[in-house]
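Step one of this worksheet: look at the structure below.
In what follows, residues are counted from 1 in the order of the sequence shown.
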Amino acid sequence: MFYPKIEILLDHGTKLNYLITYMQALSIHKCPNLKLVRLTSKNSPRNHLSINGCNGSYISGLKIRAPGDSPNTDGVDISESSHIVIKHSSIHTGDDCIAINSGSSFINITGVICGPGHGISIGSLGKNGAYATVEEVHVRNCTFTETQNGVRIKTWKGGSGYARKITFEDIRLQSVRNPIIITQQYIDLRSYGSNSTIDQKKLYGSSSAVALSDITYKNVWGTSDSEDAIQLSCDKNVGCTNIVLERIYITHSNGWKTYAWCQNAHGNFSSSMPNVPCLS
């Protein structure tokens with residue numbers, strides 16, 4: 001059996017090269033008052049760093065590297081944790097740079113450079129009808145370069161619970177495919193078969209959804225690789241409420257016009273390019 005080799009560099013300069021027989025490079029479970037500084041992780045077969053059941057963590061100076069085409073190589077996964085600080089880190093992976101999962105609250109992310117990868121994501125939440133909660137997440141002063149997404153919130157069709165009090169502020173974008181994106185009724189189109197012509201935008205409106213509210217995007221600027229720079233796709237029954245966009249300036253990488261697309265999203269915007277008239 002082949003086991004992949006990964007490399008972890010500790011703060012004092014010791015380099016650990018070893019064969020990993022588990023899918024995650026480093027998993028930290030129920031460790032209160034964790035302090036993790038200047039950790040380097042390269043080429044994990046899956047998640048590089050998982051934080052679960054931890055309260056009061058300070059994480060800084062991460063350097064995480066994996067090829068941009070390597071699947072499921074999340075940089076940092078956070079779940080069932082609170083009062084987590086992640087600062088001044090560089091994350092280049094084939095999946096989410098940071099994923100914030102259910103049970104997480106009071107998460108502060110500052111000064112992270114992300115790309116390649118799938119951006120910083122709330123979720124996914126509510127898979128298989130699960131009840132999920134996330135609140136008090138604040139992402140500030142982060143840079144996304146050639147990522148699939150910038151700042152994303154993703155919840156599964158049929159889930160329940162809430163994600164609320166979330167702020168994305170001072171966000172810089174460079175050639176990002178989906179700079180601002182909410183998908184409240186996510187489904188995996190692969191389950192419909194490769195020949196399916198189903199449009200994901202039409203597959204919404206189940207009897208339940210993870211409620212999304214009090215979400216603010218402030219001072220988000222840079223370039224998008226797609227014309228749909230802002231995508232707010234919400235459930236027709238639950239919807240997304242109190243969505244605020246303020247000082248948004250996103251142009252197209254090739255000079256084309258950018259647009260906002262909304263579905264059942266409610267809130268307000270000011271000083272935004274593209275204009276967001278669909279946010280009612």
Side-chain angles (χ1 to χ4, degrees), residues 6-12 14 16 18 20-66 72-93 95-114 117-127 130-142 151-156 159 161-169 210:
I6 72 164
E7 176 181 296
I8 291 181
L9 182 65
L10 303 181
D11 183 22
H12 50 73
T14 300
L16 304 179
Y18 57 91
I20 185 166
T21 57
Y22 298 95
M23 297 305 286
Q24 302 177 47
L26 180 60
S27 180
I28 300 174
H29 179 63
K30 291 187 176 180
C31 181
N33 302 314
L34 167 71
K35 184 176 181 181
L36 183 62
V37 178
R38 290 193 292 275
L39 174 76
T40 297
S41 176
K42 295 181 180 179
N43 298 327
S44 172
R46 284 180 69 92
N47 318 25
H48 286 258
L49 173 61
S50 293
I51 305 294
N52 174 262
C54 296
N55 297 315
S57 299
Y58 178 87
I59 300 168
S60 179
L62 295 178
K63 183 177 180 181
I64 293 176
R65 297 291 184 269
N72 302 314
T73 54
D74 289 1
V76 183
D77 278 345
I78 303 170
S79 60
E80 302 292 339
S81 298
S82 67
H83 297 91
I84 308 296
V85 173
I86 300 177
K87 300 179 68 174
H88 309 314
S89 296
S90 176
I91 304 175
H92 305 178
T93 72
D95 211 300
D96 292 333
C97 290
I98 300 175
I100 301 162
N101 298 296
S102 184
S104 298
S105 61
F106 296 95
I107 311 298
N108 286 277
I109 299 167
T110 304
V112 169
I113 297 172
C114 171
H118 292 184
I120 293 178
S121 179
I122 311 295
S124 60
L125 304 174
K127 187 174 183 179
Y131 181 85
T133 65
V134 167
E135 63 182 332
E136 297 287 0
V137 176
H138 306 284
V139 179
R140 296 184 178 91
N141 192 29
C142 292
V151 288
R152 183 177 194 184
I153 300 174
K154 181 172 77 171
T155 67
W156 284 82
Y162 58 81
R164 63 194 183 194
K165 300 179 182 177
I166 299 165
T167 302
F168 301 103
E169 184 174 2
V210 177

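- Ser57 approaches Cys31 most closely through the heavy-atom pair OG-O, 4.4 Å.
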Show the numbers, then the answer: is there a side-chain contact (heavy atoms from CB on, under 4.5 Å) between Asn108 and Arg140? CA-CA 8 Å; Asn108 286 277; Arg140 296 184 178 91; 3.6 Å; yes
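- By the side chain to side chain donor-acceptor pair (under 3.5 Å) test, Thr73 pairs with Ser70, sequence neighbours left out.
- With a 4.5 Å cut-off on side-chain heavy atoms, Leu36 and Ile51 do not count as touching.
- The shortest side-chain heavy-atom distance between Ile64 and Val76 falls under the 4.5 Å cut-off.
- In this structure, the separation between CD1 on Ile91 and NZ on Lys63 is 13.0 Å, given to the nearest 0.5 Å.
- What you find for Gly126 and Ala132 is that their closest heavy atoms are N-CB, 3.8 Å.
- Cys114 pairs with Cys97 as a disulfide, the SG atoms being under 2.5 Å apart.
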side-chain contact (heavy atoms from CB on, under 4.5 Å) between Ile153 and Leu125: does it pass, once the steps are laid out? CA-CA 9 Å; Ile153 300 174; Leu125 304 174; 5.7 Å; no
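- For the ring pair (Phe, Tyr, Trp, His ring centres under 6.0 Å) test, no residue two or more places apart in sequence or in another chain qualifies with Tyr131.
- His88 is linked by a ring pair (Phe, Tyr, Trp, His ring centres under 6.0 Å) to nothing, counting only residues two or more places apart in sequence or in another chain.
- The shortest distance between side-chain heavy atoms of Val139 and Ile98 does not fall below 4.5 Å.
- Residues satisfying the side chain to side chain donor-acceptor pair (under 3.5 Å) test with Ser82, not counting sequence neighbours, are Asn55.
- The structure places CG of Asp77 at 10.5 Å from NE2 of His48, a figure rounded to the nearest 0.5 Å.
- When every heavy atom of Gly61 is checked against every heavy atom of Ser89, the shortest pair comes out as N-OG, 3.5 Å.
- Applying the side chain to side chain donor-acceptor pair (under 3.5 Å) rule to Ser124 yields the partners Trp156; only residues at least two apart in sequence or on another chain are considered.
- What you find for Cys142 and Gly111 is that their closest heavy atoms are SG-N, 4.0 Å.
- Taking every heavy atom of both residues into account, Ile122 and Phe168 meet most closely at CG1-CZ, 4.2 Å.
- Nearest heavy atom pair, residue Gly123 against residue Ala99, reads O-CB, 4.0 Å.
- With sequence neighbours left out, Glu80 forms a salt bridge (charged side-chain N to carboxylate O under 4.0 Å, His left out) with no residue at all.
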Before you tell me yes or no, could you show the steps for Ile100 and Ile109 under side-chain contact (heavy atoms from CB on, under 4.5 Å), namely the whole-Å CA-CA distance, both residues' side-chain angles and the distance that decides it to 0.1 Å? CA-CA 11 Å; Ile100 301 162; Ile109 299 167; 3.8 Å; yes
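- Separating the OG1 atom in Thr110 from the CG atom in Asn141 is a distance of 7.5 Å, to the nearest 0.5 Å.
- A distance of 9.5 Å separates CD1 in Ile107 from NE2 in His138, rounded to the nearest 0.5 Å.
- With hydrogens and angles ignored, the 3.5 Å screen pairs a side-chain donor or acceptor of Ser81 with a backbone N or O of Cys54.
- Applying the side chain to side chain contact (heavy atoms under 4.5 Å, CB included) criterion to Lys35, with sequence neighbours excluded, gives Val37, Tyr58.
- Looking at Ile84 and Ser104, their side chains never come closer than 4.5 Å, going by heavy atoms from C-beta outward.
- Side-chain contact check for His118 versus Thr93: every heavy-atom pair is 4.5 Å or farther apart.
- Partners of Ser121 according to the side chain to side chain contact (heavy atoms under 4.5 Å, CB included) rule, which considers only residues two or more places apart in sequence or in another chain, are Asp96, Arg152.
- Between the side chains of Asn52 and Ser79, a donor-acceptor pair is found at a separation under 3.5 Å.
- The main-chain N or O of Asn72 is found under 3.5 Å from a side-chain atom of Asp95 such that the two form a donor-acceptor pair.
- Under the rule for a side chain to side chain donor-acceptor pair (under 3.5 Å), Asn101 has no partner lying at least two apart in sequence or in another chain.
- For Glu136, there are no salt bridge (charged side-chain N to carboxylate O under 4.0 Å, His left out) partners two or more places apart in sequence or in a different chain.
- Every residue two or more places apart in sequence or in another chain was checked for a salt bridge (charged side-chain N to carboxylate O under 4.0 Å, His left out) with Arg65, and none qualifies.
- Within the 4.5 Å cutoff, no side-chain heavy atoms of Leu26 are placed close to those of Ser41.
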